[in-house]
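Every chain is numbered from 1, with letters handed out A, B, ... down the list of sequences.
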Amino acid sequence: MEEKKIRVLIAKPGLDGHDRGAKVVARALRDAGMEVIYTGLRQTPKQIVETAIQEDVDVIGLSILSGAHTHLFPEILKLLKENQIEDMIVIGGGVIPEEDIPELKKAGIVEIFTPGTDTRDIINLIKEKIKK
Amino acid sequence: MEILKELLKGNRRAAAKLISLVEDDFTQAEIFLKQIYPYTGQAIVIGITGPPGVGKSTITDRLTKNLRKQGTKVGIIAIDPTSPFTGGALLGDRIRMQDLSADPEVFIRSMGTRGFLGGLSKATQATIKILDAMGKEVIFVETVGVGQAEVDIVRVADMVLLITMPGMGDDIQIIKAGIMEIGDVFVVNKADRDGCERLITEIEMMLALKPETKWKPPVLKTIATSGTGIKDVEETIFHYISYLKDSGGLERKRKESTRKEIIDLLREKWGILFNQYIKKDFLEEVITRVIQRKEDPYTVVNRLSDILIKSYKQGEKDYDQ
Amino acid sequence: MEKEEIKNIKQTKEQWENTILKKTLEKFPERKEKFFTGSGKEVARLYTPIDLEDFEYEKNLGFPGNYPFTRGVQPTMYRGRFWTMRQYAGFGTAEESNRRYRYLLSQGQTGLSIAFDLPTQIGYDSDHPMSMGEVGKVGVAIDSLEDMEILFKDIPLDKVSTSMTINAPAAILLAMYMVVAEKQNVSPDKLKGTIQNDILKEYIARGTYIFPPAPSMRLITDIFKFCSQEIPLWNTISISGYHIREAGSTAIQEVAFTLADGIAYVQAARDAGLDIDEFAPRLSFFFNAHNDLLEEVAKFRAARRLWAKIMKERFGAKNPKSQMLRFHTQTAGCTLTAQQPDNNIIRVTLQALAAVLGGTQSLHTNSRDEALALPNEDSVRIALRTQQILAYESGVAETVDPLAGSYYVETLTNEIEEKALEYIDKIDKLGGVITAIEKGFIQQEIQNSAYQYQKEIEENKRIVVGVNKFQINEKYPEGLLRVNPEVGRRQIEKLHALKKTRDNQKVQDSLTDLEKAAKSDANLMPYILNCVRAYVTLGEICDVLKKEFGEYKESVKL
């Protein structure tokens with residue numbers, strides 16, 4: 001019996017080790033019936049994109065708290081473009097100043113979730129964007 | 001078909017997409033699987049199993065790195081349980097294989113067991129074929145070995161590496177009870193821990209109880225985090241594979257697993273057809289008639305079979321058009 | 001208390017429950033069926049002497065400065081001297097951070113606390129590919145002694161005490177600090193401060209590890225040994241529960257896992273042949289101050305008592321200083337909200353109050369805007385003023401351990417100690433803390449608590465003001481601190497210039513010596529000092545050690 005599942009990659013680019021948020025979100029998405037691939041700390045943009053390709057995920061969720069998002073998020077989006085990947089959405093989370101958000105969205109991040117986010121908002125966004 | 005051409009060239013996206021199709025919609029996937037079948041059968045398939053936390057992923061990671069140094073292309077299928085309550089899964093095996101994701105000649109795919117039940121080995125076998133067709137020469141299938149379902153998965157492999165470690169307590173009982181007989185090579189990981197020698201003796205004693213065979217499963221020691229003993233495991237694997245090839249064992253194993261695959265597919269196909277063509281209301285009617293002794297179950301089954309066969313033929317015709 | 005007296009109280013309580021209380025409950029039911037502490041422990045309606053039936057003052061509390069130190073590690077506590085007000089700071093380049101430190105000192109801060117950027121914490125130079133985008137972001141970027149000299153320019157190292165949040169490469173930063181002191185003509189026995197140097201909680205919760213456990217523990221014991229001889233006033237480690245709590249643990253788990261880490265360090269040092277009463281007086285701790293005021297106070301007191309018992313009974317430490325748990329506290333960053341950020345000032349006040357009532361030795365108060373960005377100067381000043389108001393205006397510092405004897409606080413203290421000890425026993429059974437980490441046991445316990453906490457907020461079982469109740473439409477605050485994006489480029493230029501001008505033969509020689517020492521069992525500190533003096537970079541030193549020691553891979557259990 002096959003059943004369709006939303007597949008999500010939860011990745012931590014950059015060097016910060018604060019994975020509480022990433023892990024809480026990973027669990028919440030699992031409990032919402034999704035398949036969540038978690039790859040651990042210190043992932044390079046190349047590793048993240050390569051993993052997303054092999055796992056054929058629908059969503060890439062990036063978590064970062066170090067402030068390096070302005071550099072690393074666009075880098076990941078660039079690599080996705082280079083690999084002609086158009087069927088994945090990218091969302092981000094962490095301590096991200098609001099003034100950075102328009103720029104990140106323009107670069108192609110679908111949504112940015114900052115501290116205090118209700119995990120149900122993340123789940124709803126994914127379910128709305130990914131119809132399976 | 002473009003995707004097939006790409007797959008045969010080793011395109012990672014094509015492989016990834018086809019695997020998703022296998023997981024999401026097998027009937028659709030079959031169309032492609034039929035076409036790639038002639039290109040499969042080349043790869044060596046190695047099952048890696050054992051209780052949770054013994055270091056399966058780390059050993060897979062180390063073995064893969066060694067193989068890559070020799071230029072061997074590697075595929076890895078890492079299977080983790082789907083939560084029966086929520087239907088979701090957390091797939092975390094890649095954490096221990098982080099370095100591999102930068103290597104374009106290594107393809108790793110994480111799979112949840114979903115609701116497949118017996119069908120999981122079907123999805124696994126199909127995924128193996130996809131990796132095989134894309135040119136992977138060695139394919140590792142990694143599962144948590146705790147029950148019969150997992151045992152079935154690794155049965156699709158040419159050989160099985162059974163991993164354990166000292167200090168597992170009762171878990172050794174699980175190995176004894178369930179999956180002991182499937183190991184072709186045993187690995188005691190974290191061998192620097194207390195109780196290693198005792199565990200090895202225990203495993204050897206259990207193996208001694210098995211009927212005498214030409215291949216005596218060796219028990220090897222590793223410390224995967226530092227790489228100690230991995231070379232030994234690698235050599236033993238290939239020693240065993242060439243033994244299998246020379247003794248005709250490989251042919252026998254593959255024949256067995258093909259037999260099982262066909263029978264399983266057949267069973268499942270008829271199960272699906274049954275759900276598709278025997279309408280629920282109709283079935284209820286039939287049951288009522290049987291209870292009222294208006295019909296007997298034997299005749300009914302024959303009648304239902306006729307319906308299935310006719311519907312199936314009609315379906316095929318529709319499909320061809 | 002006399003048995004007879006307890007019996008009487010029990011009787012009276014029963015009467016009270018059946019009459020007055022019953023009537024009241026019938027008319028005015030309570031807000032909830034059950035009440036819980038911030039950590040999810042059930043709280044009774046009322047605490048009385050019945051809860052402390054087995055309480056013995058001398059055994060359970062004793063006197064401040066005396067075993068088991070429940071009431072505090074000094075006999076007079078804050079009547080002698082206030083706690084050290086120490087704000088964690090650092091960002092961008094060494095020049096910018098130096099300016100911030102001098103500002104804080106001029107505002108009455110009494111100790112420095114250095115934040116390093118992530119590349120520095122993980123052993124990468126600023127020009128390493130992994131450092132891209134991270135240089136100077138969460139702290140100051142230090143590549144070599146040159147940066148360290150700038151960082152402490154015009155700050156006399158014999159006058160300040162300096163805490164450095166540095167773990168995997170702690171030996172290197174300590175060596176740099178010592179060489180800066182050398183150049184300021186400050187003798188090593190005058191140096192006061194702390195290196196965090198707590199690798200175990202990096203594996204558990206914080207993530208800035210480099211080497212695997214065994215060589216990491218060796219580096220730590222090398223530091224213990226070296227410091228006890230060379231810089232006797234230096235705190236060689238700050239065993240940290242702070243990050244464990246930030247990762248989502250409960251108060252009990254924070255105490256349990258921190259003290260379990262402490263046990264592992266003491267054991268490792270003893271196995272390396274050190275005498276317990278030589279190194280143990282320099283062990284220090286670092287805890288979190290979370291929202292539940294009374295539970296937190298109890299937590300600090302329980303931790304103090306439990307550690308004293310562990311040191312005395314388990315390890316046979318004789319020197320009272322070895323038995324004392326001295327600790328730094330930081331208010332809980334994870335409780336700060338991005339919504340209505342000024343509310344955070346009140347949260348921080350309550351948390352700081354808990355730390356003071358709990359007898360902390362030093363304190364960092366978070367700034368209101370830290371859920372949004374690094375704090376700006378105004379926010380940091382308010383945070384510091386919070387401590388000053390507590391010290392000078394609130395009156396809580398005028399007597400020692402003012403909450404002692406409260407039926408509730410003493411009951412909580414007992415319970416936290418008891419439950420933490422249960423965890424420690426479990427970890428012992430698993431084979432010690434390193435095995436428990438490798439098995440993912442500790443991480444998973446913390447993750448379960450973190451997930452539970454989140455769910456409680458989402459189900460409105462836990463109210464966070466401004467987040468799931470009393471929300472308003474608000475504008476995003478202005479004037480947040482931005483780290484100059486040029487920092488990375490400037491730091492790389494500086495690094496490349498250094499590599500051209502330094503004596504590169506000396507660099508090679510000192511690295512070769514270090515490599516040889518790493519292969520032997522020699523104490524590595526003197527070799528690292530030599531490298532530092534020759535302006536070898538942090539990344540170069542770490543690369544040599546990585547080659548010899550290998551790198552740690554996280555063990556995550558999901």
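Under the salt bridge (charged side-chain N to carboxylate O under 4.0 Å, His left out) criterion, the residue pairs touching residues 269-284 of chain B are E30(B)-K269(B), with sequence neighbours excluded.
Only one option out of I108(B), I19(B), I76(B) pairs with Q54(A) in a side chain to side chain contact (heavy atoms under 4.5 Å, CB included); it is I108(B).
Within residues 90-106 of chain B, the residues having any heavy atom less than 4.5 Å from a heavy atom of chain A are, in residue-number order, L90(B), L91(B), G92(B), R94(B), I95(B), Q98(B), D99(B), S101(B), A102(B), V106(B). Listed by sequence position, R12(B), R13(B) are the residues of residues 2-13 of chain B in contact with chain A, using a 4.5 angstrom heavy-atom cutoff.
Ranked by non-hydrogen atom pairs under 4.5 Å with chain B, the options L41(A), V49(A), T39(A) are led by T39(A).
Remark: side-chain polar atoms of E35(A) are not paired, donor with acceptor, to backbone N or O of A89(B) under 3.5 angstrom.
With rounding to the nearest 0.5 Å, the separation of CG in D24(B) from CZ in R7(A) is 8.5 Å. Rounding to the nearest 0.5 angstrom, the gap separating the CZ atom in F107(B) from the CD atom in E55(A) is 7.5 Å.
For S311(B), there are no side-chain hydrogen bond (donor to acceptor under 3.5 Å, both in side chains) partners two or more places apart in sequence or in a different chain.
With respect to D56(A) and K17(B), a salt bridge is recorded, a charged nitrogen being found less than 4.0 Å from a carboxylate O.
Remark: Y39(B) OH is loosely packed, at most 12 non-hydrogen atoms of other residues, nucleotides or ligands lying under 6.0 Å away. More than 12 heavy-atom neighbours from other residues, nucleotides or ligands sit within 6.0 angstrom of NZ on K129(B). Within a 6.0 Å sphere centred on CD of E99(A), other residues, nucleotides and ligands contribute more than 12 heavy atoms.
Using a 4.5 Å heavy-atom cutoff, the side chains of K5(A) and E23(B) are not in contact.
For I48(A), no part lies under 4.5 angstrom from a heavy atom of chain B. Interface residue Q84(A): only backbone heavy atoms are found under 4.5 Å from chain B.
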